[in-house]
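One structure is given below, encoded as structure tokens.
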Amino acid sequence: MTDDVLLVHGGNPLEGEIQIRGAKNLVPKAMVAALLGQGPSRLRNVPDIRDVKVVRGLLQLHGVTVRTGDEDGELILDPSHVESANVADIDAHAGSSRIPILFCGPLLHRLGHAFIPGLGGCDIGGRPVDFHFEVLRQFGATIEKHPQGTYLVAPQRLRGTKIELPYPSVGATEQVLLTAVLAEGVTELRNAAVEPEIVDLICVLQKMGAIITMGTDRTILITGVDELGGYNHKALPDRLEAASWACAALATKGDIYVRGADQIPMMTFLNTFRKVGGAFEIDDEGIRFWHPGGELKAIALETDVHPGFQTDWQQPLVVALTQATGLSIVHETVYESRLGFTGALNQMGAHIQLYRECLGGTPCRFGARNFKHSAVVSGPSKLIGSELVIPDLRGGFSYLIAALAAEGTSTVHGIDLINRGYENFMAKLRDLGAHVELPAEALVTA
Ligand code: EPU
């Protein structure tokens with residue numbers, strides 16, 4: 001399908017300004033939270049990405065009216081008439097995203113039952129949902145798995161409970177929050193994820209009337225209430241998209257002002273960016289990222305849950321590390337298979353070797369399980385344009401960065417996947433002076 005292919009003519013620095021909007025990893029969840037309210041909610045700073053469309057479709061199937069507001073990027077969500085959806089209609093969303101799993105708690109509260117289609121999401125590891133179902137069982141739900149999806153029933157009002165997650169999973173923490181707020185009694189969650197997007201979701205729920213206390217040591221206490229209202233909320237900016245553009249500036253020796261980027265949720269990234277040799281300047285409206293000239297420096301990097309170095313920053317940064325002098329070590333501790341994308345970078349001329357051992361830092365849960373989850377990147381390498389097939393969202397954007405940094409033309413297949421999480425990326429690339437064209441455009445100019 002030629003629509004899904006992009007020709008990238010590399011070798012030019014990306015320069016200019018782009019605007020980012022609300023975080024992909026918060027906005028769809030805040031949309032799900034609207035299901036819990038008795039009145040309408042207003043969500044602002046919503047990006048036009050596919051995950052938002054999927055959740056909008058699923059909400060509408062359940063009787064929630066979703067319309068755009070007067071402000072650009074504003075959604076009004078009215079859950080006054082929540083109803084059961086047709087299973088076949090829900091099933092049409094199978095494989096589209098991971099967000100549907102978060103409908104469980106809100107639908108159990110509103111309807112007493114829920115049907116969740118097969119999940120999608122990036123292929124960067126096993127991505128099980130065992131924590132989610134275990135948590136829901138603890139609240140009192142019964143769960144039946146069927147080939148086409150999962151049926152859940154709450155025979156009576158869900159009850160608050162004590163939960164300790166085996167790992168601080170973002171999704172499982174959100175599952176607990178979205179379920180506990182209307183459950184009877186108090187829920188104590190231990191080993192919770194505390195990513196900025198989770199804190200923003202807690203802010204949304206507090207605006208709706210929830211009582212949530214963040215304690216020390218990854219503990220969250222939720223006191224269930226009988227009813228929640230709507231909210232009015234501006235989503236926090238997408239720190240993952242901001243970092244992707246920062247890495248694009250570094251790898252292409254460019255200079256990009258990311259309007260909307262915020263310092264606090266990016267502090268760990270900014271420190272690492274500086275260690276590699278990137279420059280940045282922060283003002284009230286955004287962050288300017290650039291390559292200050294000279295050599296980039298190799299680093300040792302370990303991904304981790306917040307406040308560690310976010311796994312979603314790893315793939316774009318690895319492309320920049322191919323341009324750094326010396327040996328960089330990357331230890332991926334969140335997903336077991338998030339380094340597979342490096343094979344294509346090697347095909348372009350990079351020197352990246354993968355290892356099963358935990359290199360560089362503390363041993364992680366993947367060390368004993370035979371996954372290639374550490375990398376040694378030897379640089380700098382001259383990258384040459386190549387034929388690339390996008391494997392996942394962040395890996396895909398990383399291929400675009402590599403193609404833009406490379407000499408010659410790359411043919412990148414599967415670019416539609418990038419629309420899942422990067423709003424208007426083609427227009428942004430062009431605004432930054434990237435030489436990209438769809439094959440049909442190339443034919444016209446030939
Ligand atoms: N895990 C389990 N069982 C579970 C849930 C998670 O074993 O039931 C494991 C996972 O396999 C993984 C680890 O726990 O090894 C962390 O997974 P987590 O649940 O935290 O991830 P998620 O909620 O599925 C979200 C983001 C990801 C981001 C991670 C980590 C969304 C829609 N996705 O995924 O974003 O990498 O948190 O911060 O919010 C991306 O944006 O490209 C992306 C993949």
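Each ligand, and each atom within it, is numbered from 1 in the order the structure gives. No experiment lies behind these values; they were computed from the predicted model shown.
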So, regarding [X] and ligand 1 (criterion: nitrogen or oxygen to nitrogen or oxygen, under 3.5 Å), is there a contact or not?
{"X": "Phe131", "value": "yes"}
{"X": "Pro168", "value": "no"}
{"X": "Glu195", "value": "no"}
{"X": "Asp312", "value": "yes"}
{"X": "Thr311", "value": "no"}
{"X": "Val334", "value": "yes"}

Which of these, [options], has its nearest heavy atom closest to [atom]?
{"atom": "atom 39 (O) of ligand 1", "options": "Arg98, Lys29, Glu197", "result": "Lys29"}
{"atom": "atom 19 (O) of ligand 1", "options": "Ser169, Pro28, Pro128", "result": "Ser169"}
{"atom": "atom 9 (C) of ligand 1", "options": "Arg420, Arg365, Glu134", "result": "Arg365"}
{"atom": "atom 14 (O) of ligand 1", "options": "Phe133, Tyr167, Tyr335, Phe366", "result": "Tyr167"}
{"atom": "atom 35 (O) of ligand 1", "options": "Asn25, Thr333, Val135", "result": "Asn25"}
{"atom": "atom 25 (C) of ligand 1", "options": "Val170, Leu393, Thr303", "result": "Val170"}

ask   = Does some non-hydrogen atom of Gln310 fall short of 4.0 Å from ligand 1?
value =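 Flag set, Gln310 near ligand 1.
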
query: Could a heavy atom of Val305 be found less than 4.0 Å from some atom of ligand 1?
result: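 Contact absent.
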
Ring-ring centroid check Trp245 Phe397, cutoff 6.0 Å |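 Yes: the rings meet the under 6.0 Å criterion.
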
Check: So, Tyr151 versus His146, ring centres under 6.0 angstrom or not?
Finding: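 Yes, the ring centres sit under 6.0 Å apart.
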
Worksheet item: Which ligand 1 atoms, with their elements, are less than 4.0 angstrom from a heavy-atom of His132?
Response: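 What qualifies from ligand 1 is 8 (O).
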
If the cut-off is 4.0 Å to any non-hydrogen atom of Asp130, which atoms of ligand 1 fall inside it?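 Result: 2 (C), 3 (N), 4 (C), 7 (O), 8 (O).
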
Just wondering, do [Y] and [X] contact through their side chains at under 4.5 Å, heavy atoms?
{"X": "Leu236", "Y": "Asn45", "answer": "no"}
{"X": "Thr187", "Y": "Arg159", "answer": "no"}
{"X": "Phe273", "Y": "Lys275", "answer": "no"}
{"X": "Pro47", "Y": "Lys24", "answer": "no"}

Could you tell me whether Arg356 sits above the aromatic face of Phe371, with NZ or CZ closer than 6.0 angstrom to the six-membered ring centre and within 45 degrees of the axis?
->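 Relative to the ring axis of Phe371, which defines the angle, Arg356 lies outside at least one limit.
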
